[in-house]
Amino acid sequence: MSDIKLTSDFINKISESEKIVFFTGAGISAESGIPTFRGKDGIWNKLKPEELANFNAFLRNPKMVWEWYNHRKKIIHESKPNAGHFAIAEFEKYFDDVVVVTQNIDNLHRRAGSNKIYELHGNIERNYCINCRTSYNEELDFSEGVPKCKCGGLIRPDVVWFGEFLPADQLEESEKAAIRSDIFFVVGTSAVVYPAAGLVYTAKRAGSYIVEVNIEETEISSISDISFFGEAGKVLPAILE
Ligand code: BJW
Ligand code: ZN
């Protein structure tokens with residue numbers, strides 16, 4: 001059930017806006033069947049993030065970490081973008097400057113047709129050698145255990161784990177987009193992981209209008225100009241109408 005009362009304030013704001021940012025998290029892909037990390041039904045209610053999403057865990061047990069990523073890759077490959085991803089892509093028909101800043105690694109915004117996407121936490125389709133950083137973007141061969149580079153180094157997924165820096169170019173462009181935005185949508189993220197979550201405050205300080213879309217209250221509800229509590233796949237298409 002989504003409670004979407006479009007206030008006149010919001011309608012005025014959206015009709016006079018040109019630059020829109022969608023900052024998205026795992027919740028936007030939940031309706032595509034991809035589990036979220038935290039919150040209701042989050043996978044980290046059962047698994048400890050620090051045991052999987054960090055580099056030391058990978059060095060200690062690369063096989064276990066790879067099993068987790070291969071499991072998720074399979075779910076992602078079997079999934080499709082949902083009405084929320086498609087609605088975001090459709091905003092490009094009505095606004096000239098639409099930027100998607102995503103924490104997700106699942107490619108669903110691209111598959112839905114969004115054109116300008118910054119990926120803050122990497123992409124599950126890419127891999128690289130921990131030793132020489134050579135990229136391996138083709139299907140990896142696990143028949144002889146964890147795949148290794150020509151140089152002998154372990155190959156890892158090209159995603160950002162705890163304690164690692166975000167890709168500097170993606171973060172910088174995202175910050176610029178946040179600052180110039182008229183409206184900054186925060187969709188399906190618990191907004192607890194930094195520096196990504198800091199973008200919401202950056203946008204707010206720069207005078208952007210913060211619109212939250214989530215099934216429950218989050219860290220940033222209190223600084224949002226308006227919150228729509230409902231599933232992204234219902235709320236976002238309703239806004240477009
Ligand atoms: C729906 C819905 C529906 C459900 N419709 N909504 C203070 C300042 C700066 C940094 C730190 C700090 N304190 C600690 C740190 C370090 C750390 C951090 O932020 N920790 C916090 C948890 C406290 N940050 C880092 O380590 C980052 N790097 C860094 O800081 O570098 C500098 C540095 C370098 C060296 C030493 C020290 C510092 C890196 C963070 C990397 C995060 N990586 C992960 C894994 C990526 C790969 C993978 O996917 O496997 O990224 S963790 C995980 O969390 C993943 C996500 O992108 C990220 C955010 O989660 P997200 O997307 O918000 O999902 P959920 O599950 O949390 O929320 C889902 C939401 O959807 C919920 O609200 C639901 O209600 C909602 N929902 N269904 C709408 N249908
Ligand atoms: Zn190598």
Side-chain angles (χ1 to χ4, degrees), residues 1-2 4 22-45 47-58 65-66 68-73 75-76 82-85 87-88 101-107 119-124 126-136 147-168 171 185-201 212-221 227-237:
M1 237 225 345
S2 41
I4 29 177
F22 288 93
F23 174 56
T24 66
I28 187 143
S29 297
E31 291 157 80
S32 293
I34 302 174
T36 61
F37 298 94
R38 305 168 193 81
K40 206 157 58 75
D41 304 326
I43 46 177
W44 286 349
N45 299 333
L47 288 167
K48 283 267 172 295
E50 54 273 20
E51 281 170 20
L52 289 165
N54 85 66
F55 186 63
N56 289 331
F58 181 72
V65 173
W66 263 118
W68 188 52
Y69 279 95
N70 282 335
H71 166 72
R72 290 173 58 204
K73 205 184 262 186
I75 294 173
I76 287 168
N82 64 57
H85 298 103
I88 289 176
V101 175
T102 189
Q103 300 167 86
N104 300 343
I105 61 171
D106 59 25
N107 268 310
E119 293 175 322
L120 295 177
H121 293 160
N123 191 305
I124 201 166
R126 301 190 305 254
N127 314 285
Y128 68 90
C129 166
I130 64 169
N131 204 17
C132 68
R133 292 203 64 106
T134 298
S135 295
Y136 288 87
K148 291 211 174 96
C149 176
K150 294 185 284 290
C151 82
L154 290 170
I155 296 174
R156 61 166 278 179
D158 189 356
V159 299
V160 181
W161 287 326
F162 286 109
E164 296 183 327
F165 291 107
L166 276 57
L171 183 58
F185 282 91
V186 185
V187 185
T189 176
S190 56
V192 295
V193 174
Y194 284 81
L199 290 169
V200 186
Y201 300 88
E212 175 173 50
V213 180
N214 201 302
I215 53 171
E216 57 191 28
E217 269 192 35
T218 70
E219 288 296 305
I220 57 93
S221 300
S227 292
F228 296 116
F229 293 115
E231 292 175 328
K234 300 216 173 77
V235 174
L236 293 169

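Indexing begins at 1, ligand by ligand and atom by atom, following the structure's order.
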Open item on the list: Suppose you place the vertex at the Zn ion (ligand 2); what is the angle out to C149 SG and C129 SG, to 10°?
Closed with: 110°
Taking heavy atoms and a distance under 4.0 Å, where does [X] meet ligand 1: side chain, backbone, both or neither?
X	result
I105	side chain
T36	both
W161	backbone
E31	side chain
V192	backbone

- [ ] I would like to know whether V200 and E219 meet side-chain contact (heavy atoms from CB on, under 4.5 Å); could you show each step before the answer?
- [x] CA-CA 10 Å; V200 186; E219 288 296 305; over 6 Å; no
Can an N or O of [X] be found at a distance shorter than 3.5 Å from an N or O of ligand 1?
X	answer
A26	yes
E164	yes
N104	no
T189	yes
G163	yes
R72	yes
L166	no
G188	yes
A232	yes

Just so I know, are the side chains of [X] and [Y] near enough to count as touching, which here means a heavy-atom distance under 4.5 Å?
X	Y	value
I34	N104	no
F58	L154	yes
I130	F55	yes

- [ ] Show the numbers, then the answer: is there a side-chain contact (heavy atoms from CB on, under 4.5 Å) between L236 and H85?
- [x] CA-CA 9 Å; L236 293 169; H85 298 103; over 6 Å; no
Under 4.0 Å from any heavy atom of [X], which atoms of ligand 1 are there?
X	result
V159	47 (C)
V193	19 (O), 40 (C), 42 (C), 54 (O), 58 (C), 59 (C)
E216	75 (O)
A30	78 (N)
G25	62 (O)

Ignoring hydrogens and geometry, is there a side-chain-to-backbone donor-acceptor pair from [X] to [Y] under 3.5 Å?
X	Y	result
W161	N56	no
D106	I124	no
N82	I28	yes

- [ ] Give a yes or no on this: more than 12 heavy atoms of other residues, nucleotides or ligands lie within 6.0 Å of atom CD of E217.
- [x] no
TODO: Calculate, to the nearest 0.5 Å, the distance between atoms CZ and CG belonging to R126 and D158 respectively.
DONE: 4.5 Å
Task: Euclidean distance, F185 CZ relative to T24 OG1, rounded to 0.5 Å - done: 13.0 Å
Task: Ionic contact status for E164 with R156, cut-off 4.0 Å - done: yes
For [atom], tell me which residue out of [options] has the closest non-hydrogen atom.
atom	options	value
atom 7 (C) of ligand 1	F162, W68, Y194, F23	Y194
atom 75 (O) of ligand 1	N214, T24, T218, L120	N214
atom 60 (O) of ligand 1	H121, R38, Q103	R38

Open item on the list: Let's go through H121 and V159 carefully: what are the C-alpha distance in whole Å and the side-chain angles of both, what is the deciding distance for side-chain contact (heavy atoms from CB on, under 4.5 Å) to 0.1 Å, and is it a yes or a no?
Closed with: CA-CA 5 Å; H121 293 160; V159 299; 5.9 Å; no
Open item on the list: If you apply the rule side-chain contact (heavy atoms from CB on, under 4.5 Å), what do you find for I220 with Y201, and how did you get there?
Closed with: CA-CA 9 Å; I220 57 93; Y201 300 88; 3.6 Å; yes
